[in-house]
Amino acid sequence: MSNSRMNFLKAITKSVIVAIFTRYTVTKFRLLKGNRVQFGSGFVSNGRLQIKGPGRVIFGTNVNAWAHKEPNVLITYSSDVVIKIGDDTRLNGAGLMAACGITVGCNCILGSAVIVDTDFHSIDPDRHANPDAKVRSASITISNNVWLAGQTVVLKGVTIGENSVVGFRGVVTSNVPPNVIVAGNPVRVVKQLGA
């Protein structure tokens, strides 16, 4: 068998496998979540996707959620919360947990990043004894064409500007301007892009 024929067969086999996994994933979540989960056309998944909670999750067109090592996990903590993933975005082991809301723009790449818009627990001194102790939460916006490298963390209330890159294991605690590379814990600008 010639190399070109072998490559053709591999491509056909791969596209069939991708279609089967994607159809299974979309059907499963439509049955489990109804209209609380929306999939744009061209959505792709290998089944390593977990969607939990009472809120809504919206995937734009051509979202690639084909995860390799870790699954993609999207969790909402109340019925009025929305996690929105923009068109042409790539998710590879990302974890998004929303008490207020998370918006990811178009053309983004999210490695095994953790994006959390809540502290989960109060930082008040009476947090152990007071079940009503205030828990801080604030929505997160990740603008278009942002790359979050592996093991990065984005915390509550943050906006990451267009075209920016967060380096491996960066911890984002405050807003990131557009067109920069940031790294560290907490992150700081290490390079201006396009300069």
Side-chain angles (χ1 to χ4, degrees), residues 29 33 36-38 45 48-60 63-65 67-86 89-128 130-162 164-178 180-189:
F29 285 113
K33 301 287 184 180
R36 289 184 292 140
V37 178
Q38 297 173 8
S45 174
R48 295 183 58 80
L49 174 66
Q50 299 174 18
I51 300 173
K52 301 176 182 178
R56 294 178 57 219
V57 175
I58 301 169
F59 295 98
V63 171
N64 183 338
H68 293 283
K69 187 73 172 168
E70 302 95 354
N72 292 301
V73 180
L74 292 82
I75 303 172
T76 58
Y77 292 101
S78 70
S79 59
D80 60 339
V81 172
V82 177
I83 296 175
K84 184 174 182 184
I85 309 297
T89 288
R90 174 76 170 96
L91 306 174
N92 186 11
L96 291 81
M97 291 157 263
C100 290
I102 298 172
T103 300
V104 177
C106 300
N107 301 304
C108 292
I109 302 171
L110 278 58
S112 56
V114 176
I115 304 165
V116 185
D117 74 357
T118 180
D119 285 342
F120 290 109
H121 305 284
S122 176
I123 59 170
D124 291 341
D126 68 344
R127 65 187 168 271
H128 293 291
N130 180 2
D132 297 320
K134 184 178 179 189
V135 176
R136 295 186 302 170
S137 300
S139 60
I140 294 172
T141 301
I142 298 171
S143 301
N144 295 335
N145 202 36
V146 168
W147 176 17
L148 302 180
Q151 299 180 17
T152 61
V153 177
V154 179
L155 298 178
K156 67 186 177 304
V158 165
T159 295
I160 299 178
E162 280 195 356
S164 287
V165 177
V166 179
F168 180 73
R169 289 190 178 166
V171 178
V172 184
T173 60
S174 60
N175 292 346
V176 173
V180 295
I181 298 175
V182 295
N185 180 5
V187 295
R188 62 182 176 75
V189 175

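Values below: all heavy atoms of this structure, side chains included; hydrogens, waters and symmetry mates excluded.
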Taking every non-hydrogen atom, the tightest pair across Pro177 and Val189: CG-CG2, 4.4 Å
Check: Arg36 and Pro54 side chains under 4.5 Å, non-hydrogen atoms: yes
Ignoring hydrogens and angles, tell me if any N or O in the side chain of Asp117 forms a donor-acceptor pair with the backbone of Gly101 under 3.5 Å. yes
d(Leu155 CG, Ile140 CD1) to nearest 0.5 Å is 7.0 Å
Taking Arg56 for the side chain and Gln38 for the main chain, is one N or O donor matched with an acceptor at less than 3.5 Å? no
side-chain contact (heavy atoms from CB on, under 4.5 Å) with Val81: which residues, sequence neighbours excluded? Thr76, Ser78, Ala98
Measure the spacing between CZ of Phe59 and CD1 of Ile83 and express it to the nearest 0.5 Å. 8.5 Å
Using atom types as modelled and distance alone, determine if a side-chain donor or acceptor of Lys134 lies under 3.5 Å from a backbone N or O of Ile123. no
Gap separating the OG atom of Ser139 from the NZ atom of Lys156, nearest 0.5 angstrom: 12.5 Å
Mind checking the CE-CD1 spacing from Met97 to Ile102? Nearest 0.5 Å is all I need. 8.0 Å
Does Asn72 reach the main-chain N or O of Leu49 with its side chain, forming a donor-acceptor pair under 3.5 Å? no
SG-CG distance between Cys100 and Asp80, expressed to the nearest 0.5 angstrom: 9.0 Å
Give the intermediate values and the outcome of side-chain contact (heavy atoms from CB on, under 4.5 Å) for residues Val104 and Leu96. CA-CA 10 Å; Val104 177; Leu96 291 81; 4.0 Å; yes
Return yes if some donor-acceptor pair links the side-chain N/O of Thr89 with the main-chain N/O of Val63 below 3.5 Å, else return no. no
Do other residues, nucleotides or ligands put more than 12 heavy atoms under 6.0 Å from Lys33 NZ? yes
Over 12 non-hydrogen atoms of neighbours within 6.0 angstrom of NE2 in His68: yes
Throw together a table of side-chain donor-acceptor distances under 3.5 angstrom for residues 142-153, partners on residues two or more places apart or in other chains.
from, atom 1, to, atom 2, distance (Å)
Ser143, OG, Ile160, O, 2.8
Asn144, OD1, Cys106, N, 2.8
Asn145, ND2, Asn163, OD1, 2.9
Gln151, OE1, Arg169, NE, 2.5
Gln151, OE1, Arg169, NH2, 3.0
Thr152, OG1, Ala149, O, 3.1

Looking at residues at least two apart in the chain, or sitting in another chain, which of them share a side-chain contact (heavy atoms from CB on, under 4.5 Å) with Arg48? Asn46, Ala67, Pro71
CD1 (Ile115) and CG (Leu110) are apart, to the nearest 0.5 Å, by 4.5 Å
